[in-house]
Amino acid sequence: MSTEDNLLPLIVEPDTLNDALSAPSLLIIDVPAKAESYAQGHVPGAIFLDHTRLFAGADSGKTPNDVPEPEALTNLFSSLGLTRDTHVIAYDDEGGGWAGRLLWTLELMGHTRYSYLNGGIHAWRAAGLAMDTAPHTPKPSDYTAEFKHPEVMMDVDAIKAELDNGPLAVWDARSPDEYDGLKGKNRHLGHIPGAINLEWTDAMDPERHYRLRDYAELITLLGAKGLDPETPVVTHCQSHHRSGFTWLVGRALGFTHISAYPGSWAEWGNRDDTPIEKTHDA
C-alpha cells in the first residue's frame, strides 16, 4: 500500500498497517510510557522516541511540559528522519496518550501525514503480528520545524479570554478527583471554570485492547457532557499527555475546532492569576 496520498486513515488498524509496512514513506514511531516496552517487542521498523523530548523541559524557562521551541523540535524531528513526504505512524504502550501528544505536535508544525495505530502495541501484540526486539536506528534528515498550525494550541491568556467572551468548551481529561480538587500536587486544586470532565480512559475500550471506543458511543457520551463536533473545544490534563489522546479522539470524531493547552494544569494550577472552581472543598 502506498501512503503517498495519505491513503492510511487517521486511525489505522494493526492488520492495515501490517499490509503497508513495506511503504518507503512510512516512519513508525514507538513513544512508550515505559522504555522497556520497545525492547520487549515493537512494530517492525519502528524507531524509539523518549516521550520527554516532546516537552520543553525544566531548563526552558517555560512550564516543563509546555511545547518545545521550534529549534528544539527541528533538532528532534531531524534526528528521527522526518521529511515533508513522510507518513508518520505513532503508537505507545498505554492507549494513546504519548502517541497523541506526538501527533498533536506534528499537527502544530503543519505535518498532516500521520496516523495512530489503534490500541497501540497492545492491539498489535493481540493480533499476533510479527515484532522486532532489536532497535531500529533512524536515518537523520534536514527538517525545519515551524508552528504552521498555531490554531491547535491555546495558552493560558487565550483560554482566560475565551472564558469571558467565547463559546469555548474545555475538556478536562484528568481523573474526577483531580477535577473536583480532591487530588493533585499543584499549588491550587480544582478545574477551569465551566470545564467538562471526561477522563481520558473513558474514551478507550479495554475489551478491544485499548482501541478508541465505538464512535457512535463516543459521540453520544461527549454530546451528553456538552461536547459536540461543531463547538470549539480545548482539551488539557496535568501535562498535555492524557489530553494528547483526547485531542486525537476529537480529531477522529470530526471535531472541526479542537485544540490543546500544552501548559495544562501544571501551569494553570500553579499560577495565582487563573480562575479556579472546585466541585468540593478539598
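- Every salt bridge (charged side-chain N to carboxylate O under 4.0 Å, His left out) that Glu69 has, sequence neighbours left out, goes to Lys62.
- Of the possible polar contacts, none joining the Arg101 side chain to the Phe55 backbone as a donor-acceptor pair under 3.5 Å is found.
- In this structure, the side chains of Val43 and Leu21 come closer than 4.5 Å at one or more pairs of heavy atoms.
- His136 places no side-chain N or O within 3.5 Å of a backbone atom of Phe48 that could act as its donor or acceptor partner.
- Between Thr83 and Thr86, the side chains place a donor N or O and an acceptor N or O closer than 3.5 Å (distance only, hydrogens not considered).
- The backbone N or O of Leu227 sits nowhere less than 3.5 Å from a side-chain atom of Thr231 that would complete a donor-acceptor pair.
- The two residues Arg53 and Pro68 have their closest heavy-atom pair at O-CG, 3.9 Å.
- Linking Ile, Leu, Val, Met, Phe, Trp and Tyr whenever their side-chain heavy atoms come within less than 4.5 Å leaves Leu27 and Tyr38 in two separate clusters.
- Interatomic distance, OH of Tyr114 versus CD1 of Ile29, reported as 13.0 Å (0.5 Å rounding).
- For the side-chain contact (heavy atoms from CB on, under 4.5 Å) with Thr235, the qualifying choice from Trp171, Trp200, Phe245 is Trp171, the only one to do so.
- Counted within 6.0 Å of CD on Glu36, heavy atoms from surrounding residues, nucleotides or ligands total more than 12; the atom is thus considered enclosed.
- Annotation: Asp59, atom CG; neighbour count of heavy atoms from other residues, nucleotides and ligands within 6.0 Å does not exceed 12.
- Between Leu189 and Lys183 the shortest heavy-atom distance is CD2-O, 3.9 Å.
- Put simply, the side chain of Ser37 reaches to within 4.5 Å of the side chain of Ile121, judged on heavy atoms.
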| Step-by-step side chain to side chain contact (heavy atoms under 4.5 Å, CB included) determination, Thr279 to Leu182 | CA-CA 9 Å; Thr279 307; Leu182 300 173; over 6 Å; no

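- Atom CG of Asp180 and atom OG of Ser175 lie 8.5 Å apart (nearest 0.5 Å).
- Linking ILVMFWY side-chain heavy atoms closer than 4.5 Å, directly or via other members, places Ile159 and Val152 in two distinct hydrophobic clusters.
- The aromatic rings of Trp268 and Tyr261 sit perpendicular, their planes meeting at an angle over 60°, well past the 30° parallel limit.
- Distance check: Ile258 CD1 to Arg251 CZ gives 9.0 Å after rounding to the nearest 0.5 Å.
- Residues Leu80 and Tyr143 fail the side-chain proximity criterion, which asks for heavy atoms closer than 4.5 Å.
- Nearest heavy-atom pair across Gly81 and Ser141 is C-OG, 3.3 Å.
- A side-chain N or O of His188 and one of Asp272 form a donor-acceptor pair less than 3.5 Å apart.
- The shortest distance between side-chain heavy atoms of Leu76 and Leu49 falls below 4.5 Å.
- Counted by atom type alone, Glu13 and Thr16 present zero donor-acceptor pairs between their side chains at under 3.5 Å.
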| query | Run the side chain to side chain contact (heavy atoms under 4.5 Å, CB included) check on Leu26 and Leu17 step by step: do they pass? | reply | CA-CA 10 Å; Leu26 283 189; Leu17 175 58; 4.0 Å; yes

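- In terms of modelled atom types and a separation under 3.5 Å, the side chain of Arg211 and the main chain of Arg208 share a donor-acceptor contact.
- Interatomic distance, CZ of Arg242 versus OG1 of Thr201, reported as 9.0 Å (0.5 Å rounding).
- Under a cut-off of 6.0 angstrom, the local environment of CG in Asp164 is crowded, with over 12 non-hydrogen atoms contributed by other residues, nucleotides or ligands.
- Side-chain contact, Glu94 with His241: a donor N or O sits under 3.5 Å from an acceptor N or O.
- Residues Ile219 and Ile196 fall within the same hydrophobic cluster, defined by Ile, Leu, Val, Met, Phe, Trp and Tyr side chains chained together at heavy-atom separations under 4.5 Å.
- A side-chain donor from one of Tyr91 and Asp30 sits under 3.5 Å from a side-chain acceptor of the other.
- Looking at Ser115, its side chain never comes within 3.5 Å of a backbone N or O of Ile89 through a donor-acceptor pair.
- Placement of Leu253 and Val233 within a single hydrophobic cluster is found when ILVMFWY residues are connected by side-chain heavy-atom separations under 4.5 Å, directly or transitively.
- Contact check for Phe147 versus Pro70: side-chain heavy atoms found under the 4.5 Å cut-off.
- In summary, the side chains of Asn186 and Gln238 do present a donor paired with an acceptor at a separation below 3.5 Å, with no hydrogens or angles considered.
- Here the shortest heavy-atom pairing between Ala33 and His51 reads O-NE2, 3.6 Å.
- Between the side chain of Asn118 and the backbone N or O of Leu212, at least one donor-acceptor pair lies under 3.5 Å.
- Side chain of Asp92 to main chain of Gly97: a donor-acceptor pair is present (N/O by atom type, distance under 3.5 Å, no hydrogens or angles).
- Ring planes of Tyr179 and His191: parallel class, angle under 30° (limits at 30 and 60°).
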| Worked check of side chain to side chain contact (heavy atoms under 4.5 Å, CB included) between Ile192 and His236 | CA-CA 10 Å; Ile192 296 174; His236 79 90; 3.8 Å; yes

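- Counting only distance, with no hydrogens or angles, the side chain of Asn165 and the backbone of Ala161 share a donor-acceptor pair below 3.5 Å.
- A distance-only check finds a donor-acceptor pair linking the side chain of Ser264 to the backbone of His240 [under 3.5 Å].
- Between Leu106 and Leu82, some side-chain heavy-atom pair lies under the 4.5 Å cut-off.
- The shortest heavy-atom contact between Gly263 and Asp66 is N-OD1, 4.2 Å.
- Counting only heavy atoms from C-beta outward, the side chains of Pro232 and Pro167 approach each other to under 4.5 Å.
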| query | Given the rule in the side-chain hydrogen bond (donor to acceptor under 3.5 Å, both in side chains) test, do Thr52 and Asp50 qualify, once you have shown the distances and angles that lead to the verdict? | reply | CA-CA 5 Å; Thr52 63; Asp50 177 355; 2.9 Å; yes

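- No continuous path of hydrophobic side-chain contacts links Trp247 to Val170 [ILVMFWY only; heavy atoms under 4.5 Å].
- Scanning both residues, Lys34 and Asp93, for their nearest heavy atoms gives N-OD2, 3.2 Å.
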| request: Go through Glu162 and Val234 one step at a time and tell me if the side chain to side chain contact (heavy atoms under 4.5 Å, CB included) criterion holds. | output: CA-CA 10 Å; Glu162 285 292 324; Val234 63; over 6 Å; no

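- Side-chain atoms of Arg125 come within 3.5 Å of backbone N or O of Gly41 as a donor-acceptor pair.
- Contact annotation: the side chain of Asn270 never approaches that of Thr63 to less than 4.5 Å [non-hydrogen atoms, C-beta and beyond].
- No more than 12 heavy atoms of other residues, nucleotides or ligands shown are found within 6.0 angstrom of OH on Tyr210.
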